[in-house]
Amino acid sequence: MTQYWLFKSEPDVYSIDQLKEDTKKYGGTYWEGVRNYQARNFMRQCKTGDLVLYYHSNCKPPGIVGIAKVVKEAYPDPVQFDEKNTYYDPKSSPDNPRWSVVDLAFVKKFKQKISLDELRSVPQLADMKVVRKGNRLSITPVTKKEFEVITSMPHVSAAVLS
DNA sequence: GCCAACGTTGGC
DNA sequence: GCCAACGTTGGC
C-alpha cells in the first residue's frame with residue numbers, strides 16, 4: 001500500500017528543479033543530511049513507490065511545490081562517514097551506521113506553489129504537522145486523504161489567482 | 001534579524 | 001535520570 005510523506009527542503013540548498021535535473025541525469029537523488037531521529041525513523045518506514053509532497057522551506061512564501069516518489073528504500077547515508085562533509089558524524093561508523101537516506105525521484109512540479117497560508121486555510125489539512133506553529137520536523141507522514149485534498153487543488157495543473 | 005519550539009548535550 | 005544551557009529550524 002502506498003504511503004504518503006512530506007519532505008522539506010530549502011530551495012537554496014536543494015530545490016525541486018534540481019531534483020528534476022538529477023532525476024533526468026541519474027534517475028533520482030539520495031536524501032542526505034537528515035540528522036534528526038524522528039525524521040530518520042520516518043525515512044526508514046518509506047517504501048518504494050511511496051509518494052512525497054515536496055515542500056520548500058525558508059523562502060517566501062514557504063509551501064508545497066510538487067511531488068516526488070521513493071525509488072529506493074533506506075540505506076546508510078554515505079556522507080556521515082566523510083570527514084570533510086558538513087553532515088559528517090564522528091559517532092557513526094560503517095559497521096554501525098546511525099543515519100539513513102532514501103532515494104527520491106522527481107514526479108511533477110505544480111503549476112503554482114501551494115503556500116503555507118493556503119494550506120492553513122483548508123480545514124481538512126488542519127492536522128498536518130507542517131501547518132502547526134513551530135514544527136521543525138523535515139519529514140512527516142501525510143494521510144491518503146490529505147494527499148488527495150492537496151493534489152486535487154487547482155494549483156497542481158493550472159495557475160491560480162490569489 | 002527575532003524568537004518560539006524543540007532536540008541534544010553534558011554536568012551533577 | 002534530571003535539567004540547564006545551548007544549538008537548530010524555520011516562520012515571521
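The model shown is predicted, which means the values in this text are computed figures rather than measured ones. Quick note: numbers below take in every heavy atom, side chains included, and nothing from hydrogens, waters or symmetry partners. Every chain is numbered from 1 and lettered A, B, ... according to where its sequence line falls, protein lines coming before strand lines.
The pair A:R98-A:D77 does not meet the salt-bridge criterion, since no charged nitrogen lies less than 4.0 angstrom from a carboxylate oxygen. A salt bridge links A:D17 to A:K109: at least one charged side-chain nitrogen sits closer than 4.0 Å to a carboxylate oxygen.
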Check nucleotides 1-4 of chain C against the protein and report each pair of N or O atoms closer than 3.5 Å, with its distance, or say if there are none.
none

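For A:V122, the side-chain contact (heavy atoms from CB on, under 4.5 Å) criterion is met by A:Q124, A:L125, A:V149, A:M153, not counting sequence neighbours.
By the neighbour-count criterion of 12 heavy atoms within 6.0 Å, atom NZ of A:K113 is densely surrounded, having more than that number from other residues, nucleotides or ligands.
Within the 3.5 Å criterion, the main-chain N or O of A:P141 finds no donor-acceptor partner in the side chain of A:E146.
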Task: Per-nucleotide protein contact string for nucleotides 5-12 of chain C (B base, S sugar-phosphate only, - none; heavy atom under 4.0 Å) - done: --BBBBSS
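For the residue pair A:D82 and A:Y88, the shortest heavy atom distance occurs at O-CB, 3.1 Å.
With a 4.5 Å cut-off on side-chain heavy atoms, A:P97 and A:Q80 count as touching.
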